[in-house]
Peer 1: 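Quick one: the structure is below, and I'll ask about it shortly.
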Amino acid sequence: MTTTNLVLLLLGLGLATFFYGRQKAYVVSKSHGGMRNMHSLPSQHGVMVAIWCALPALLLVLFWKLAEPAVISSMLNSVIPASVMDGGDKAIGLYKNDIANIIESGKASSNPEKQVVADRWVALSSISSWVLLAIVLAIAAIGAATALRKISPDTRARVMVERVVHWFLIICSSIAILTTVGILCSVLFESFRFFQQVSFVEFVTGTKWSPQTAIRVDQVGSSGSFGAIPLFTGTLLISAIAMVVAVPIGLLAAIYLAEYASDRMRAFAKPLLEILAGIPTVVYGFFAALTVAPAIREWGELIGLSPSSESALAAGVVMGIMIIPFVSSLSDDVITAVPQAMRDGSYALGATHSETIKKVVLPAALPGVVSGILLAASRAIGETMIVVMAAGLAANLTANPLEAVTTVTVQIVTLLTGDQEFDSAKTLAAFALGLMLFFTTLVLNIIALHVVRRYREQYD
Amino acid sequence: MNTKSNTSAASDAFDNLKETVGVVTVDDPKMSARNVDVFYGEKQAIYDVSLDIANNEVIAMIGPSGCGKSTFLRCLNRMNDSIPTCRVTGEMSLDGEDLYGAGLDPVLLRARVGMVFQKPNPFAKSIYDNVAYGPRIHGLASNRAELDDIVISSLQKAGLHEEVQDRLDAPGTSLSGGQQQRLCIARTIAVSPEVILMDEPCSALDPIATARIEELIDELRENYAIAIVTHSMQQAARVSQRTAYFHLGKLVEVGSTNNIFTNPRHELTENYITGRFG
Amino acid sequence: MTEPTESTNKVAPRKDSTSIVKKTLAKRYAAEKRFRFYGAAAIAMSLAFLVLLLGSILVKGLPAFVETHMLIDVTLDSKTLGVEEGATQQQLKAANYHSLIKKSMRGMFPEVKKRKAKKELYKLVSTSAEYKVRDQLMANPSQLGETISVWVLADDELSSFYKTGALADRSKLTHTRLSEQQIAWASTLEEQGKLRKKFNTTFFKNGDSREPEQAGIRAALMGSILTLLITFLLSFPIAVATAIYLEEFAPQNRWTDLIEVNINNLAAVPSIVFGLLGLAVFINFFELPRSAPVVGGIVLSLMTLPTIIIASRAALKAVPPSIREAGRGLGASQLQVVTHHVLPLAMPGILTGTIIGLAQALGETAPLLMIGMVAFIVDIPTSVTDAATVLPVQVFLWADSPERAFLEKTSAAILVLLVFLIVMNAAAVFLRKHFERRW
């Protein structure tokens, strides 16, 4: 029986016991002089029974399924040939993969030795699932029976149900924290392993990035070099180009929409701008690589320059376009939040509209605008697809926007796609880069959120 | 007291109101309004109001809330321009020049007719920059020394200089409510307007701060024409020389403040100042 | 007033101030106009970018919805096929159709003799022609030995060339890998009425392929749907529960603050970092299958949680407190008030946020690259643990392919993706407009 079916079965049982429990509560209420003598409603009793029936069983299924692979795997070791067992973890892993493939293919293996292990595996899995089914059904039955016996006028079924729901809510809301912890653990743990192989100082000060480690030991350049400076400068260069495009356009667009545009114009232009934010980044990447980059190269050649086919400029400009709506919608919010009284004060002194905007509204909105720009910058730094598709892999240390550069995110993708061994410095480097990325964006976000909160308090 | 009959009598009096009681004109008016109607979209807010504002005099506009006194005031320097649905008909003029005529520029008008608002609204700038804002945008000072001069004398005139002279760089919002309102007055004076409009300038202030501002208004009268909207009859009595009583968008009665408060001629005015409604 | 006389004199209205202001007016109004123009220009520019972006993709992508078919006469002779009369389906399936197609191509142009020329000739027809003929024969085994006429797919190079109308007017397509000879053959076929354009159904029926004319988005589309399904099943209940807890139950304490800070920060964490999380935690630690929609769905749901939570909280907050008080006043418990009164009223807002979050997830690429959903997927996935890819990743993969014909496929896949996004966002707007109440 598959896990999905088991879960469905339990949910079905829960539903059935709900109706039964509710019915029983009706009956009980009749014998005790009607509903008003019951502490809880029949349906609440029903839910109580269903929870008793299904919840412990479902939890058991969850833990069982989490533990099962490891347990079966270790039980298999006794039948795996000694020659494989001596080969270390890697050999065992490969061997087990083979077995898994055999089982998946559904055909008998040509290798009788492996067939034995495969049969054993199948047998263990089947035993496991039958045992699980038996235990789960027992627990469900016991739970339901216990809860059914509890149905009485004094039982506080509602309180019990609400307590369970309350805990469910708390657990759900803690998932945000768990996610952060998960991110931190995964990048910190792997980065730690990386920094055991490559020194931190080399990583943050080195100017040569060539993570390709040799396949054979005697190959030249076998160590690979992990100086991440070219990655950082590349990321900064592209983000800076993006901000140069996005900040003026986004800010001016926001000012126009908030201050000058008629209601109709606003209702028309705002959603259109927001479409820019809704377009998937892979589409921007495609646009950058196949439309903007060739155009830049053509124009560059016209004026006697020789831009690289994967220039930082193309990626940066397109990223800037993508970020325009972030800057404009955040700025729009803060500009409209500036009190009308302040504008009136300026008009009453004889200021023109643009003078009021430039000298009164913008200075007042500055903290909000700045935090919007910070958020946009953090977005630019973490953006992946545009640079993967348009910026290239060449780790050049340059400030020339017409040359190819690479970024932190591009390298993470490159290092982690395709086959990987999880203990090579090359793979682990991706996590070290991820750590840098996570902390940079985190700091930017925290500053931005802090500034914007102070700003909001000022005008609330 | 027979409130009911009084109110119904008052409403009859209002319906029968054809003309403003009292003399609306003055000799050599600074500003004048003739037969002004104001509409917000379909809704009419001001009905056929005519009123003059004289030099070196404070005119108080009183009346129950929603009577149109603030609307009328805001029309005097075209602050209502920013409300797209607002429409003004009739004649309004400054020194004989039509306020809503093609030749008059709202920017220039507002430089000549300053305004102080109900709630102090200093800019998110330093005290100095708040006052210097007007002279800067209008190019009134040709150098820093001149600008300093204007700022300091404006602060002095607004009676704020002593309190803030050590911290001109502090943000305007760091001042107390009364100080902020005096800052706004200083800001208005710095542009050297000819008329100052005040829209309930003390309603957000405590009594002591109010007293300071009232004192200030009295001093300013020497050089400016001042129109003040107030919901407080005592304030009107204290600061103004003339008083205009508005009721539901109509100007009911105008007269010297003394006469209005001691000897109101119209029934509505009398009801109002004796506190029958407010 | 310390020095009343002096200050009074100083700020008496300067009679010249009006004339000074007058002089500045022209310049100030010019500045006003300029500034206004900059604003309008910024908007115009952003919209121009949008038009350029969508326009270029539309222009590139539309041809992909048309495919070129070629009519070939195939003699199903048993010698070439290597099967006997009355062969089993199994035998028919394994027969040599490759040679059969080659033979039929030679039959159309008997004058071609040289090996190199023959090879060029074979290239005009798609390799899928074999399967087409095979399926036809397997359906009617009695046709063995007969000569049948079959419309088969033309090769992508020929297709691109033919679709643009370049056969009639060579200037329409300057860039082609077809040789002059191939173009001449194509002209002949055209004259004989053996080429035709049809709506491209292959594109919606097939999975990925190395051959552009056979490549389709079905597998990626199914992958996207399965992934999104997981994302919805996980993120919706969790997000709603979190929002309810934070808005209706949570005490004001450090733990609640921590949750809120976390949600706000997660909303701004780069998506690729979620990919790292998925790789390290779900694939390496929990050993879930690589490339599977289930892992993709988990990662994307963690990513979209903040969006949905924030939207749901806003929707819950918008329900006026009076409703809660009314419920409590009747003796309902806090939970009953929420489930009976607050939640139904907030539901349109919550659903709007959910759809927007899912639309975001649908367009997401980077984290899925990390968990191996970049595989070359031919088979259409049927369960959440099958290896799969998703639409945006398919776009990424095709964008990397050197064949020209994949360029239009990429654009076409983008168009399909955008259609889904537009439908989802339109649904969100509809919900917001028609069901959301303003209090």
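Proteins get letters first, then strands, A, B, ... in listed order; numbering begins at 1 in each.
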Peer 1: To the nearest 0.5 Å, what is the distance between CE (A:Met342) and NZ (B:Lys125)?
Peer 2: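 Rounded to the nearest 0.5 Å, the CE-NZ separation comes out at 10.0 Å.
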Peer 1: What residues, two or more places apart in sequence or in another chain, satisfy ring pair (Phe, Tyr, Trp, His ring centres under 6.0 Å) together with B:Phe123?
Peer 2: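 Applying ring pair (Phe, Tyr, Trp, His ring centres under 6.0 Å) to B:Phe123 gives B:Tyr133.
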Peer 1: Considering only heavy atoms, give the residues of residues 181-188 of chain B separated from chain A by less than 4.5 Å, sorted numerically, with 'none' for an empty result.
Peer 2: B:Arg187, B:Thr188
Peer 1: Give a yes or no on whether B:Glu91 atom CD has more than 12 heavy-atom contacts from other residues, nucleotides or ligands under 6.0 Å away.
Peer 2: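 No - once you tally the heavy atoms of other residues, nucleotides and ligands closer than 6.0 Å, there are 12 at most.
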Peer 1: So what's closer than 4.5 Å to chain A heavy atoms on B:Val113: side chain, backbone, both or neither?
Peer 2: backbone
Peer 1: Please round to the nearest 0.5 Å and tell me the distance separating atom NE2 of A:His353 and atom CG of B:Asp81.
Peer 2: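 One finds 12.0 Å between NE2 of A:His353 and CG of B:Asp81.
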Peer 1: What residues of residues 343-351 of chain A sit under 4.5 Å from chain B when you count only heavy atoms?
Peer 2: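 Counting heavy atoms that sit under 4.5 Å from chain B, the residues of residues 343-351 of chain A involved are A:Asp344, A:Gly345, A:Ser346, A:Tyr347, A:Ala348, A:Leu349, A:Gly350, A:Ala351.
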Peer 1: In terms of heavy-atom proximity below 4.5 Å to chain A, should B:Lys119 be classed as side chain, backbone, both, or neither?
Peer 2: neither
Peer 1: For A:Phe268, I'd like to know if atom CZ has over 12 heavy atoms of other residues, nucleotides or ligands within 6.0 Å.
Peer 2: no
Peer 1: Given that the side chain runs from C-beta out, which part of B:Pro84 has a heavy atom under 4.5 Å from chain A: side chain, backbone, both or neither?
Peer 2: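 For B:Pro84, there is no contact with chain A at all, as no heavy atom is under 4.5 Å.
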Peer 1: With a strict 4.5 Å heavy-atom criterion, list every residue of residues 92-100 of chain B that contacts chain A, or say none.
Peer 2: none
